[in-house]
There are 2 protein chains.
Amino acid sequence: MSRDLPPLNALRAFEAAARLESVSQAAEELHVTHGAVSRQIRALEEHLELVLFVREGRGVKLTEAGVRLRDAASDAFERLRGVCAELRQAAVDRPFVLGCPGSLLVRWFIPRLDRLNRELPELRLQLSTSQGELDPRSPNVDATLLFAEPPWPADMQVHELARECIGPVLSPRYARFADLQAAAPARLLDEALLHTASRPQAWPEWARAQGLDEQSLRLGQGFEHLYYLLEAAVAGLGVAIAPQQLVADDLAAGRLAAPWGFVETPARLALWVPTRRNDRRAERLAEWLRGEL
Amino acid sequence: MSRDLPPLNALRAFEAAARLESVSQAAEELHVTHGAVSRQIRALEEHLELVLFVREGRGVKLTEAGVRLRDAASDAFERLRGVCAELRQAAVDRPFVLGCPGSLLVRWFIPRLDRLNRELPELRLQLSTSQGELDPRSPNVDATLLFAEPPWPADMQVHELARECIGPVLSPRYARFADLQAAAPARLLDEALLHTASRPQAWPEWARAQGLDEQSLRLGQGFEHLYYLLEAAVAGLGVAIAPQQLVADDLAAGRLAAPWGFVETPARLALWVPTRRNDRRAERLAEWLRGEL
DNA sequence: CATATTCGTGAGTTTTCCTGACAGGTTGAG
DNA sequence: CTCAACCTGTCAGGAAAACTCACGAATATG
């Protein structure tokens, strides 16, 4: 019996009352009524089978045992407070690691990174684009930015940022650009359709949205990553299909054109935050991203 | 917000789980289910906005922050445990102070003290008979043994030990002892009735119980304390009235006689323990006293 | 002497916490 | 591979703890 701890909440009430030499002030500090503190102290005294306070009419006074317990409890609590504060500070100071696919990183994020670091400096954002598959549950990332379709997993808090819109893009330097520019979507069936292994559904999805027969698609050159695919399109090697967000800068600069516009897909650009990491910084980042899109 | 303590019960659950590296074992140590521990740890993680454990299939592993918190918490708790144990040990080692009227002390307790100290040595009994009025609420006594009538005060835990029985006693050396020995109680009205200021009701009470007219009592010599009264009776100075318990030894030794027996009064010989002092030792003492009576 | 504080206590209610059962996932043996 | 053993997380519901509110007692204060 002597090996177990005293009731800790009672000890906290006692510590406050002992430090302030007043039940009422302790109650105020703990945001409860004095009755609650009184009862907690009583419970502690009964647990320890010790008298900690001498009640003298108005006010209370510590007994000898009370003084010793207060010293120990104040010290222990102060220490815990300190460690918790340190840990939380360390968590805030640590850079915020955002996982992100390479293509999104290069074609969308990097051009905006400077502004983000200026507008949210306390975030200390650090981008991480792993080699293999992106793992939003990895302990090495605080959040992950990606294109994905609902429903969302239960262990993730997902901030939806934008709908994904995909569409064919090609460079003005592409051989038949002039012909294609004003042509109907169906004309694309005859072109070299660049694609990636990571998004095999992109062209068929687009074809369906345009009312075309997806069976008649003839896929041309394939690329491992969307990033290479877009580089190839910019270089005029063919017609690529890509999310609008990733080519927005290229369209604005005239490096690419999207004559047939974009169509919505079921996917969203979303920020995934593991529910376990109840991190305020993720919310600030999501808000900034939403403003940026 | 960083100034307040983490939820302490959650911290206790975490500390156990971290020390044992197992939620289930922690649950066993704390005598709760693993679900409860899991919830507490979760609550702590949410409060601190920190990940303390990495769940890996079977078993859990501490994060870096978790290790630091465990070290701090284990240390703090161990310290508190130690101080509480010390305080309780000190309370046990301290002598048990029993308040007691002088007459009871001298005529009943002292002859039995040696045996009590042999049978309850860990009690380290210390008897205190104050000069003035006995105060069961004094912080200087752990319990008080006295004759008193119910009802009992609410702030006292009262162990009733025996009914008070009073009766006239006199020494065989008393002048008219031979005449009185077999006489009716009414004969006492003519004798020198020794009495004390502290128990003015004793003779009238006894007279009523005997069916005598209490108005016709003629009180003789008065004494300040019952103790002196009894000494006077033993010395053959007159007829005293006293509780049976206080004269039992004198009756057995033939120093006093009680030809008219004893009558019950509303009072009890009782051990009063302040409710605040939830002291096991008082209960042990009460039990011993009950056996002795 | 009335008044304002301060503490203790009891009844009733809110909140918390625990239990018990189930689901998901890993480990190791057959 | 399958299966059992084991560990953890989660949820609904109910027990237990804690709080609030109101009152009474005791003591300073004007």
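Numbered from 1 within each chain, the chains take letters A, B, ... in sequence-line order.
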Note to self: Is there a side-chain contact between Phe14(B) and Arg70(B) in this structure, where contact means two heavy atoms from C-beta onward sitting under 4.5 Å apart?
What the structure shows: yes

Checklist line | Atom pair distance, as rounded to whole Å: CD in Glu28(A) and C1' in dC19(D) | finding: 17 Å

Checklist line | Atom-to-atom span, CG of Leu62(B) to C1' of dT8(D) - whole angstrom | finding: 15 Å

Margin query: Measure CG/Leu30(A) against C1'/dT15(C) and give the value in whole Å, please.
Written below: 17 Å

Note to self: Would you say that Pro243(A) contacts Leu226(A) through its side chain, given a criterion of any heavy-atom pair below 4.5 Å between the two side chains?
What the structure shows: yes

Next item on the list: Could you check how far NZ of Lys61(A) sits from P of dT27(D), rounded to whole Å?
Entry: 14 Å

Item checked: N/O donor-acceptor pair under 3.5 Å between Ser128(A) side chain and Leu98(A) backbone -> no

Note to self: OP1 or OP2 of dT16(C) versus the side-chain N and O atoms of Gln40(B): is any pair under 4.0 Å?
What the structure shows: no

Next item on the list: Determine the sole option in Leu271(B), Leu105(B), Leu134(B), Leu127(B) for which the side-chain contact (heavy atoms from CB on, under 4.5 Å) test with Leu145(B) is passed.
Entry: Leu271(B)

Next item on the list: I would like to know whether Glu287(A) and Arg290(A) meet side chain to side chain contact (heavy atoms under 4.5 Å, CB included); could you show each step before the answer?
Entry: CA-CA 5 Å; Glu287(A) 204 174 329; Arg290(A) 229 188 286 273; 5.7 Å; no

Notebook entry, point to check: How long is the line joining CG of Leu52(B) and P of dT8(D), in whole Å?
Noted result: 15 Å

Every protein N/O lying under 3.5 Å from an N/O of nucleotides 2-9 of chain C:
{"residue": "dT5(C)", "atom": "O4'", "partner": "Arg58(A)", "partner atom": "NH1", "Å": "3.0"}
{"residue": "dT5(C)", "atom": "O2", "partner": "Arg58(A)", "partner atom": "NH1", "Å": "3.2"}
{"residue": "dC7(C)", "atom": "OP1", "partner": "Val23(A)", "partner atom": "N", "Å": "2.8"}
{"residue": "dC7(C)", "atom": "OP2", "partner": "Ser24(A)", "partner atom": "N", "Å": "2.9"}
{"residue": "dC7(C)", "atom": "OP2", "partner": "Ser24(A)", "partner atom": "OG", "Å": "2.2"}
{"residue": "dG8(C)", "atom": "OP1", "partner": "Arg55(A)", "partner atom": "NE", "Å": "2.3"}
{"residue": "dG8(C)", "atom": "OP1", "partner": "Arg55(A)", "partner atom": "NH2", "Å": "3.3"}
{"residue": "dG8(C)", "atom": "OP2", "partner": "Ser38(A)", "partner atom": "OG", "Å": "3.1"}
{"residue": "dG8(C)", "atom": "N7", "partner": "His34(A)", "partner atom": "NE2", "Å": "3.4"}
{"residue": "dG8(C)", "atom": "O6", "partner": "His34(A)", "partner atom": "NE2", "Å": "3.0"}
{"residue": "dT9(C)", "atom": "OP1", "partner": "Arg42(A)", "partner atom": "NH2", "Å": "3.3"}
{"residue": "dT9(C)", "atom": "OP2", "partner": "Arg42(A)", "partner atom": "NH2", "Å": "2.9"}

Check: Can you check the Leu8(A) CG to dC17(C) P distance for me, whole Å?
Finding: 12 Å

Margin query: Going by side chain to side chain donor-acceptor pair (under 3.5 Å), Arg268(A) matches just one of Glu164(A), Glu149(A), Glu160(A), His159(A). Which one?
Written below: Glu160(A)

Next item on the list: By nearest nucleotide on DNA chain D, pick out whichever of Ala43(A) and Glu56(A) is the more 5' one.
Entry: Ala43(A)

